[in-house]
Amino acid sequence: MKSKDQKKWYFGEFGGRFVPETLYSCLDELEKNYFRYYKNEKFLKLLNSFLTSYVGRPTPLYFAKELSSYCGFKIYLKREDLCHTGAHKINNAIGQVLLAKFMGKKRIIAETGAGQHGVATATACAVLGIKCEIYMGEEDVKRQALNVYRMNLLGANVLSVSSGSKTLKDAINECLRDWVSNVKDTFYVIGSVVGPFPYPLIVRNFQSVIGEETKRQILKYEKRLPDYLIACVGGGSNAIGLFHPFFYNKNVKMIGVEAAGKGINTNMHAATLAKGKVGILHGMKTYVLTDDNGQVTPTHSISAGLDYPAVGPEHSYYKSINRAEYVFADDETAILGFELLSKLEGIIPALEPAHAIGWLIKNKKKFHPKDIVVLSLSGRGDKDVEIVKNIL
Ligand SMILES: *Cc1c(COP(=O)(O)O)cnc(C)c1O
C-alpha cells in the first residue's frame, strides 16, 4: 500500500486510501472520471439545471431577525432545509448520480444507517432514471421502517444486511463487496465527506455550492464577508460545503459543532474531534472514536445524522492547522435550539443543525454586537418532531 500512497490523496496528513488492493482499480476509475467531467461544460450545465429547477437552488440566505436580537449580533441562516427532500444531502446525491450516468453506469448502490442518505440517493436515481439498490443493516431496516418505505416508493430496492451487528458498519462492508464484484456497471454513492480518496474531495466539491452561494449572498446583503461560519458536523459535508469556499479568507472564522449526546465524559456521544484519536476507519486516516484497545466505540446522538464514530479527513486537517475550531453540544442543547428557533423564527430545524443553534445560543456572550454569523441550517425538522415530542 505504501508504494502507491500519493500526496494528492491527503488533506495534510489526513485522508488517503486505506483499502484492500481489490478496491484500487474502482477508486482509480472514479478519480479519473471525476476529473474528466467535473469541469466539463455539458456535465456542469446539466448539474446546474437540476440544482436550480429540481433541488431549488440557490437556497435563501435568511437574516434571522428575531434570533439575532435574542443573541445580540447578526445571524444569517443558510436555508438548506428548503432543498427538495429537506436537507443538503441531495446536492451531493444528484452530483454523484449524474457523474455515474456520464460514466455510463447502469446501477447505483449506497449504504445508509438512519436512511437519510438512502432517501436522497433514491430520489436522485428516480429523477435521473437509473436503477438503485440501498444496503441497510437489518436492525436499521426495523428502526427506520418509514424511510425504507420512502425508498421503496422512490423505486429503490432496499437490501437488508443480517451479518455482524446488523447496522451501518455491516451495510458498508456489503456495499463495498458489491462494488468490487460489479464495478463495470455499478457506481457507489457515498453520503458524506468520508471514505477513501477521491470521495472526500468529490462530496466536498458537490457541497461547496452552499459556501459559494453564501459568499455571493452575504456580499450583496452586508457588503462584507461574515465573521463566523457555524455548522454541525456528522461526517462533515454540510460544514465543509459551507467552509471550503472561505478557506483563504483568513478573517472568516469557522466553528464546527459535534454531537456530545449525553455528555463527552460519558460513552454516549459522537464528539469525534473533541474526544477521538487519529486512526483509520472506512478507508481514511482521520479522527476516530476508539476505546483503549483501539476498537471503534458505539456512538450516541439524539440526531441520527450526527451519530458517526469518525469525521471527514478535511475536518481533521482544518483542526490540525487551527483553521476551524470544533466544539460540541449535547442532546439537551440541541433540543433548546430546536425549540427556540421554532418559536423565534417559525422554522423547525432538523436536530442536526439544532446542535449548532443551541451551541450558538448558549455561547452568545462570546460574540461581539458587530459580529455577523452565518449558520448552516442543514435540514428541516419534520422528521424529528415526534422524537422530540416523545422525549419532552
Ligand atoms: C445527514 C445530515 C447531517 C450530517 O451530515 P454531514 O455530512 O455532517 O453534513 C446534518 N444535517 C442534516 C439535516 C442531515 O440530514
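As a basis for the values below, the full set of heavy atoms in this structure was taken, side chains included, without hydrogen atoms, waters or symmetry mates. Sequential numbering from 1 along the given sequence is applied to the chain's residues.
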request  = For Asn40 and Phe43, indicate whether the former's side chain and the latter's backbone hold a donor-acceptor pair under 3.5 Å.
outcome  = yes

request  = Scan for side-chain hydrogen bond (donor to acceptor under 3.5 Å, both in side chains) pairs involving residues 65-75, sequence neighbours excluded, and state none if there are none.
outcome  = Lys74-Glu222

ask   = So Thr286 and Tyr317, side chain to side chain contact (heavy atoms under 4.5 Å, CB included) or not? Walk me through it.
value = CA-CA 8 Å; Thr286 190; Tyr317 172 58; over 6 Å; no

inquiry  = Looking at Thr272, is its backbone amide N or carbonyl O close enough to the side chain of Glu258 to form a donor-acceptor pair, meaning the two atoms are under 3.5 Å apart?
reply    = yes

message = Please confirm whether the ring centroid of Tyr10 lies under 6.0 Å from the ring centroid of Phe197.
response = no

query = Closest approach of Cys232 and Asn238, non-hydrogen atoms and distance?
reply = O-ND2, 3.1 Å

ask   = Is a side-chain N or O of Lys275 found less than 3.5 angstrom from the main chain of Leu289, in a donor-acceptor match?
value = no

message = For the backbone of Arg17 and the side chain of Tyr24, can you confirm whether one donor and one acceptor N or O come within less than 3.5 Å of each other?
response = yes

query = For the atom pair OG (Ser165) and CG (Asp170), what is the distance rounded to the nearest 0.5 Å?
reply = 4.0 Å

inquiry  = Is any side-chain heavy atom of Phe73 closer than 4.5 Å to one of His368?
reply    = no

request  = Please check if the side chain of Asp81 supplies one atom and the backbone of Ala350 the other of a donor-acceptor pair under 3.5 Å.
outcome  = no

task = Please test Thr299 against Tyr308 for side chain to side chain contact (heavy atoms under 4.5 Å, CB included), starting from the C-alpha separation and ending with a verdict.
result = CA-CA 7 Å; Thr299 50; Tyr308 180 61; 5.9 Å; no

task = Report the relative orientation of the aromatic rings in His315 and Phe243; use parallel for angles under 30°, tilted for 30 to 60°, perpendicular for over 60°.
result = perpendicular

ask   = Looking only at heavy atoms, which two atoms of Cys83 and Thr59 are closest? And how far apart?
value = SG-CG2, 3.8 Å

message = Assess, by modelled atom type and distance only, whether the side chains of Asp28 and Ser25 contain a donor and an acceptor separated by less than 3.5 Å.
response = no

task = Step through it carefully: locate the ring centre of Tyr54, locate the ring centre of His84, and say whether they are under 6.0 Å apart.
result = yes

message = The criterion is side chain to side chain donor-acceptor pair (under 3.5 Å); which residues satisfy it with Asn182, sequence neighbours excluded?
response = Asp178

key: His117 side-chain N/O to Val189 backbone N/O, donor-acceptor pair under 3.5 Å   = yes

ask   = Do Thr186 and Lys105 have side-chain atoms, one donor and one acceptor, less than 3.5 Å apart?
value = no

request  = Would you kindly check if the NZ (Lys) or CZ (Arg) of Lys250 is within the cone defined by 45 degrees around the ring axis of Phe246 and under 6.0 Å from the six-membered ring centre?
outcome  = no

query = If you measure from CD1 on Ile190 to CG on Asn92, what distance do you get to the nearest 0.5 Å?
reply = 9.5 Å

query = salt bridge (charged side-chain N to carboxylate O under 4.0 Å, His left out) with Glu13: which residues, sequence neighbours excluded?
reply = Lys285

remark   = So CG of Leu201 and CD of Glu314: to nearest 0.5 Å the spacing works out to 7.5 Å

ask   = Going from OG1 on Thr214 to OH on Tyr76, what distance comes out if it is rounded to the nearest 0.5 angstrom?
value = 12.0 Å

remark   = Of all heavy-atom pairs linking Arg204 and Ile240, the shortest is CG-CG2, 3.5 Å

query = Around atom CD of Gln217, are there more than 12 heavy atoms of other residues, nucleotides or ligands at under 6.0 Å?
reply = yes

query = Thinking salt bridges, do Arg107 and Glu133 make one under a 4.0 Å N-O criterion?
reply = yes

Check: His269 ring centre within less than 6.0 Å of Phe328 ring centre = no

